Structures are given as structure tokens and as C-alpha cells.
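The block underneath contains the structure these notes are about, expressed in C-alpha cells.
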Amino acid sequence: MVLQRVIPNLLTWYGQNHRSLPWRDTQNPYHIWISEIILQQTRVEQGRIYYQKFIDEFPEILDLAQADEQAVLKVWQGLGYYSRARNLQKAAQTIVREMGGVFPHEYDRILSLPGIGEYTAAAIASFAFGMPFAAIDGNVKRWSSRFFGVDIPISKPAFSKMVGPLLQEVIEQTSHPDLFNQASIELGSQVCTVSQPKCEVCPLQASCYAFDKKLQNQLPVVVKKSQPQDWNLHFLAVHHHNEVFIVRRPKPGIWAGLYEFPSLTLPSHEKGFPAAWKQVLGGNLDILHIQRQVHLLSHKRIEASCWNVRWNGEEKPNFRVAGTLLFDASNALDENSELWISLNEIDRYPVHRLMQHFLTNNQHD
DNA sequence: AATGCGGGGTC
DNA sequence: GACCCAGCATT
């Protein structure tokens, strides 16, 4: 096979050029696991600080298994894709309950844990235990499509079906599967980049299809993503004496398990104070100020308004009026889903970036 | 097979 | 803006 011939080049290149990262040079499966979950759809530089925080907060699997979900989400706050944090803890509990508290050494058992798919299972199996499973992430897909000249869109299962066995065949013949995977990923990240790949220094150049045919800019084939959906979202920061009202978002869904001021989705043209709130709170309410913020996610464009109001009634206002939806997350409740807290307690609760923005910039608007 | 799920860096 | 990052779960 063509690839087999240039593997020595690849390993030599990696030995001379790889970055030093906190989760390399360890074989602790727990540490490697945490790093791999953090790095899913997340750049190394963004994940780095979260990795350190997470390990410090939960040094062992047991610490993670026994923690409050809220504490896990709090460490994850701001990183996004919060189901990763919840699955991490679920998996830790499974390991403690069903696997004797020891991270499993078998590929199939690793793969069975929540939050771990084929890529992550292969990465952990090879990095922690030296097992020959080809780890195929976005970096590997990119160089593979160029090297082998595969024009199937890399997001399609058919692409992995085509390339996976080729890489698997090679890794089963190398004496260092862990180094092969590290080098493969690092190559895609540092050399075979999306734009302007550094073919002049690439250890695979001599056998690369795209280099030979000058098709580096045609490969890989990428399916264009759908446009983000507009979302007109209103938040109600209601102050009563020294307290504010927060709610926990339901699972599943965006920001599941995180806290926020109660929010309400309205048709995109409605930018005024929500009528449903006015109807219930109208008489005893002063609107102090409004914060407007456009918040961009990969799949949503959120036009958010945060209404800071003072409630003048003696008793707390009642948000649970029969037949009226006063905020989106007003279902699936337990005792901690709706809370009145003093504003300086908010740091104890995990919140999303948009909520954090409203809290941080509250004095100056 | 397609979609939902965050946030941020780069060009 | 558009792209995409050491993907996975769900439908």
C-alpha cells in the first residue's frame, strides 16, 4: 500500500515537530479521556485551560462520579456542547458502578460509554493502552482525502467506510499505534491544513495524490452547512428586594442543565416587552433598563433582549399561572429548577455565555 | 442519512 | 461573513 511506504517519514516528522501538550506524555486513561472529550469540536488552545481546571477539580474518576452535576457543568461553563460534561459524569458513574472504578481496557467497552464514539474510543485505546485502532478525526479525514484522492464528502459515512479500513490496515502493522495516531492527527492539524497546506514540508508528499495532481484546493470535498436559524429571545431579570429569579433549562435541548433568567421565544418582529409578562406582572412593575445582544452559534443567530425590571409587590410574583406560558423552560421541574437567589450567589450556578454577558455588563448599559 | 448541539479563532 | 475545530447522540 502507498501509505505504508511513507509511515517512517511520518513518524520521523512527528518526532521532530510535535507540540508539547499537557495530555501527551501520559498514559493515564482518565486524563486522556478528559482531554479527548474536551477536544471534541474544540481547538487545542481553547481546551487547554479547561483541561487543567477539570483535572484539578476532579482528580480521579471517583471524584467525578460523586460530584454534583451542577459542579461539573460549572467547570465546563463557557466551553459549549454541554452534553459532553453530563455524559462525562454519567460515564464516570458507570465505570464506578459496573467496572470496578477502573477505566476499561477493551475497545468495545470504551466505545459503549456515553459521549465516546468511534474516534474517541480509538484515540483512548491507542494513547492509553497502545492498542491498534485508527483514530479518524477532522484532521485525519482532511489529509486522507488528499493523500488517497477520495472525493466523497468527508462528513458522509461513506467517506469513513472507504478510508477507515486503509488506515486500520496500516496501524495494525506499525509497532507504535499511539505514535501513528498522534502523528496522523498532528499532520492534519499543522501541515495538511484547510487552506494553504504546507506540502513543501509534508512527510507524505512523495505519495500524495492531491500533491501529484495539484488538487489540494479541490480536496477534501466539503458539504456546505445550512444557514443559522434566527431566534428572537427575551430574558426577564426580575429584581425583588435583593433577589433575582433564575431557572434551569430542561434536557434535552440547548444549554440543558444551565441556569438563566427566565426566557421567552417570540416571533422575530416582536422586540418590545413581552405581552405575556406585562399581563401577569403589569401593575407592580418598573422597567429599569434593557440589554440587547446578538449572540452567534454555529446553528443559531440569537437576537436577545434582557429586560431588567423591579417587582414592587410585597410577595414574590407567581410565574406559574395556569394556561399561560411565561417562559420556555417552565416544564420538567424539580426542586432546584426555579430559584430566587441573591445576585452575588449567581457565581455558584452554571450559566451560558449569553447569560454571562448579561450579568457581566449589567452596570454600564 | 440528517440534524441539533457552543463557542471561538482564522482567513 | 464563511469555515471549521482532536464528534456524538438522536431521529
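Everything numeric in this text was worked out from a predicted model, so none of it was measured. So you know, we letter chains A, B, ... as the sequences are listed, proteins then strands, and number each from 1.
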Is a side-chain donor or acceptor of A/R146 paired with a backbone partner of A/L219 at a separation under 3.5 angstrom? yes
Base, sugar-phosphate, or nothing: which does A/I38 touch, judged by heavy atoms less than 4.0 Å apart? nothing
Indicate whether OP1 or OP2 belonging to C/dG7 is found under 4.0 Å from a side-chain N or O atom of A/Q41. yes
5' priority, DNA chain C, between A/L113 and A/L21 [closest heavy atom]: A/L21
Take atom P in B/dG4 and the same atom in C/dA6, then report the distance between them in whole Å. 24 Å
Testing the 3.5 Å rule here: is there a donor-acceptor pair between the side chains of A/R142 and A/T193? no
Between CZ of A/R84 and P of B/dG6 the distance, given in whole Å, is 9 Å
Tell me what A/E118 touches on the nucleic acid: a base, only sugar-phosphate, or nothing, going by heavy atoms under 4.0 Å. sugar-phosphate
Using a heavy-atom cut-off of 4.0 Å across all strands, would you classify A/P252 as base, sugar-phosphate, or nothing? nothing
Has A/K225 got a side-chain N or O lying under 4.0 Å from the OP1 or OP2 atom of B/dT3? no
Contact class for A/W76 (heavy atom, under 4.0 Å): base, sugar-phosphate, or nothing? nothing
Atom CG of A/L219 and atom C1' of C/dC3 are separated, to the nearest Å, by 17 Å
Residues forming a ring pair (Phe, Tyr, Trp, His ring centres under 6.0 Å) with A/W23, sequence neighbours excluded: A/Y51
Considering every strand and a 4.0 Å limit on heavy-atom distances, what is the contact class for A/Q182: base, sugar-phosphate, or nothing? base
Are OP1 or OP2 of B/dG4 and a side-chain N or O of A/H299 less than 4.0 angstrom apart? no
Is any side-chain N or O of A/R43 under 3.5 Å from a base N or O of C/dC4, one able to act as donor and the other as acceptor? yes
Using heavy atoms to find the nearest nucleotide of DNA chain B for A/Y82 and A/S226 separately, return the residue whose nucleotide is more 5′. A/S226
Which one, B/dC5, C/dA2, C/dG7, comes nearest to the side chain of A/Q40? C/dG7
Closer than 4.0 angstrom, basic N to acidic O: yes or no for A/E69 and A/K90? no
What nucleic acid atoms does A/V222 come within less than 4.0 Å of, heavy atoms only: base, sugar-phosphate, or nothing? sugar-phosphate
Using the C1' atoms only, state how far B/dG9 lies from C/dC8, rounded to an integer number of Å. 22 Å
Of A/Q182, A/E186, A/Q190, which meets side chain to side chain contact (heavy atoms under 4.5 Å, CB included) against A/H18? A/E186
Distance, C1' atom - from C/dA9 to B/dG8, rounded to whole angstrom: 23 Å
Quick one: is B/dG7 close enough that its OP1 or OP2 comes under 4.0 Å of any side-chain N or O from A/W255? yes
Rounded off to whole Å, could you give me the CG-to-P distance for the A/L39 and B/dG6 pair? 18 Å
Look at the rings of A/F245 and A/F327 and say which category their plane angle falls in: under 30° parallel, 30 to 60° tilted, over 60° perpendicular. perpendicular
Over all strands shown, is A/G188 touching base, sugar-phosphate only, or nothing at heavy-atom distances under 4.0 angstrom? nothing
Between A/N308 and A/Q291, a side-chain donor and acceptor under 3.5 Å: yes
Applying a 4.0 Å non-hydrogen cut-off, can you work out what A/R142 is touching in the nucleic acid: base, sugar-phosphate, or nothing? sugar-phosphate
Given atom CD1 of A/I124 and atom C1' of C/dA6, what is their separation to the nearest angstrom? 12 Å
Roughly, in whole Å, what's the span from CG in A/L296 to P in C/dC3? 15 Å
Give A/I185 one of three labels, base, sugar-phosphate or nothing, depending on what nucleic acid heavy atoms sit under 4.0 Å from its own. base
Calculate the interatomic distance between A/I37 atom CD1 and C/dC8 atom C1'; express it in whole Å. 9 Å
Which is more 5' along DNA chain C, the nucleotide nearest A/V223 or the one nearest A/A121? Just name the residue. A/V223
When A/Q46 and A/K300 are each assigned the nearest nucleotide of DNA chain B, the 5'-most assignment goes to A/K300
Atom NE2 of A/H357 and atom C1' of B/dG7 are separated, to the nearest Å, by 14 Å
Nucleotide nearest A/K156 when distance is taken to its side chain, options B/dA2, C/dC8, C/dA2: B/dA2
Test for a donor-acceptor pair under 3.5 Å between the base of C/dG7 and the side chain of A/T120, counting only N and O atoms. no
Could you measure the distance from the CZ atom of A/R348 to the CG atom of A/L339? Nearest 0.5 Å is fine. 11.0 Å
Can you find a donor-acceptor pair, distance only, under 3.5 Å between A/T42 side chain and B/dG8 base? no
Distance below 4.0 Å between A/K224 side-chain N/O and C/dA2 OP1 or OP2: no
Could you check whether A/G253 gets within reach of a base, just the sugar-phosphate, or nothing at all, counting any heavy atom under 4.0 Å? sugar-phosphate
Please give, in whole Å, the distance from C/dA2 P to A/R301 CZ? 12 Å
